[in-house]
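Structure first, then comments.
Every number for a ligand or one of its atoms is a count from 1 in the order of the listing. For reference, positions follow the sequence shown, starting with 1.
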Amino acid sequence: MADGTDQKSSNQMWGGRFASGPSAIMEEINASIGFDKKLYAQDIRGSMAHAAMLASKGIISPEDKDKITDGLNTILSEIESGRFEFSRKLEDIHMNIEARLATLIGPAAGRLHTARSRNDQVALDFRLWVKEELQKTEGMLTTLIAAFLDRAEENADTVMPGFTHLQTAQPVTFGHHCMAYVEMFGRDRARVRHAIEHMDESPIGAAALAGTGYPIDRHMTATALGFREPTRNSIDTVSDRDFALEFLSIASICATHLSRLAEEIVIWSTPQFGFIRLSDAFSTGSSIMPQKKNPDAAELVRAKTGRINGSLIALLTVMKGLPLAYSKDMQEDKEQVFDAAESVELAIAAMTGMIRDLEVRKDRMRAAAGSGYSTATDLADWLVREAGLPFRDAHHVTGNAVALAEKKGCDLADLSLEELQAIHPGITKGVFDVLSVEASVASRTSFGGTAPSEVKKQIAWWRGRN
Ligand code: ARG
């Protein structure tokens with residue numbers, strides 16, 4: 001019709017009390033099949049487990065259960081081979097599959113929805129999907145950590161400047177810097193594992209919100225679907241989306257870690273820093289400037305963080321005002337999670353590739369590590385240890401030495417003994433042993449410190465846990 005209304009037929013799944021069908025706009029705003037068809041495998045698995053339970057409890061006949069199972073198997077192969085016709089009129093994946101089942105097996109299909117509602121059905125499908133996604137993320141983080149452990153091992157002795165305020169602070173090793181990311185991604189992975197544990201409860205059987213009077217066995221469906229146990233409160237079950245929020249929070253934190261690393265890669269690969277060279281496989285050229293090699297993959301990892309954080313805020317905002325139990329607002333949960341999952345997976349994969357491939361320019365790191373008076377703290381520590389100065393006085397004396405070196409345009413190690421003694425008479429030639437970056441790094445043997453010996457211990461600890 002010209003006004004966009006199609007009032008010919010009411011919905012075949014719930015249209016009993018409706019005289020006419022929805023307007024075209026209603027259909028458009030209501031339909032979720034465009035995105036929730038991603039849940040087809042989980043929906044079919046859930047329905048099979050539900051039907052088997054209904055039959056085992058005598059709620060449906062074994063014959064109907066077999067017909068339902070066969071029909072669902074047919075639908076699964078139709079969808080996987082691209083032969084299934086999704087219909088927007090049927091709103092969502094649940095009703096698309098059920099309507100097709102009715103065409104395939106007739107009246108037995110109508111028995112599948114006994115003791116179940118789309119509210120617990122969607123909660124189940126989505127939970128299964130998020131759980132699988134978390135398991136995948138766990139594996140991808142393990143691979144990323146492994147890539148970092150390899151680089152850390154190769155570079156346990158590679159000296160580079162450590163920064164605070166992005167100003168040269170103290171020399172560290174590149175291996176130590178890599179291990180900082182191992183700690184971050186290790187915590188991300190622990191959060192993933194914790195989230196899997198939280199959400200490992202089966203929603204099916206909560207029905208619309210109040211449970212059901214049919215003698216169902218929720219423990220049976222929970223076990224069949226690989227959950228630890230059924231959820232304990234039917235109202236919470238159909239209204240809770242914190243498993244999705246938890247996924248998005250974890251994805252946002254992980255993306256934030258990836259983004260900081262991406263930012264470092266962008267900085268390190270500039271000609272000015274020149275600490276690393278990205279492989280051709282993870283960079284692009286410029287269409288106008290032939291000399292350019294751009295860190296696009298790192299930049300896009302950094303940018304994906306914006307989308308992922310956006311998804312978290314979007315779903316938090318959708319959920320914040322909803323009274324218990326189900327409201328249709330909750331249909332908006334899926335696209336956020338699907339989009340964030342795709343982005344975080346891609347970002348982890350791209351980062352793993354970049355870390356595996358990148359060329360470490362040890363000479364450039366070594367040269368930069370010695371500049372910017374990075375061993376000034378070592379001089380102050382030497383004055384405390386060897387000349388008996390209080391640290392505050394040693395700090396002041398060292399400041400004078402830095403000022404002199406700056407005036408002369410040289411490094412601390414290039415000042416002569418006479419010049420140093422003019423600043424403080426207690427200084428002896430032994431001081432030159434600590435002014436090198438290698439000595440500085442090797443001396444930092446405190447637990448978790450940057451000394452190669454310590455970094456190697458941390459690598460071994462992680463190897464045993466990855
Ligand atoms: N497509 C819906 C969703 O994603 C399924 C649940 C519909 N429930 C309902 N009572 N209308 O949330």
- Please walk me through it: do Trp462 and Phe148 pass ring-ring contact (aromatic ring centres under 6.0 Å, His included)? CA-CA 11 Å; Trp462 273 103; Phe148 262 119; over 10 Å; no
- Verdict with supporting geometry, Gln42 and Leu124, side-chain contact (heavy atoms from CB on, under 4.5 Å): CA-CA 8 Å; Gln42 290 77 10; Leu124 169 67; over 6 Å; no
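Using the six-membered ring where Trp is involved, Tyr181 and His177 have ring planes that are tilted, between 30° and 60° apart.
From the protein, the heavy atom lying nearest to atom 2 (C) of ligand 1 is Gln331 OE1, 3.2 Å. Scanning all protein heavy atoms for the shortest distance to atom 10 (N) of ligand 1 gives Asn119 OD1, 3.0 Å. When hydrogens are left out, the protein atom nearest atom 3 (C) of ligand 1 is Tyr326 OH, 3.3 Å; that is the closest non-hydrogen contact.
For the side chain to side chain contact (heavy atoms under 4.5 Å, CB included) test with Ile68, the passing option among Leu101, Asn73, Leu54 is Leu101; the others fail.
Around the CD atom of Glu342, the shell of radius 6.0 Å holds no more than 12 heavy atoms that belong to other residues, nucleotides or ligands. Other residues, nucleotides and ligands place no more than 12 heavy atoms under 6.0 Å from the NZ atom of Lys320.
Atom 11 (N) of ligand 1 has its nearest heavy-atom neighbour, among Arg118, His94, Glu91, in Arg118.
Remark: ligand 1 atoms within the under-4.0 Å shell around heavy atoms of Ser32 are 1 (N). Distances below 4.0 Å separate heavy atoms of Asp92 from the following atoms of ligand 1: 1 (N), 2 (C), 5 (C).
Residue Arg241 has no nitrogen or oxygen atom sitting less than 3.5 Å from a nitrogen or oxygen atom of ligand 1, judged on distance alone.
Heavy atoms of Lys334 approach ligand 1 to within less than 4.0 angstrom.
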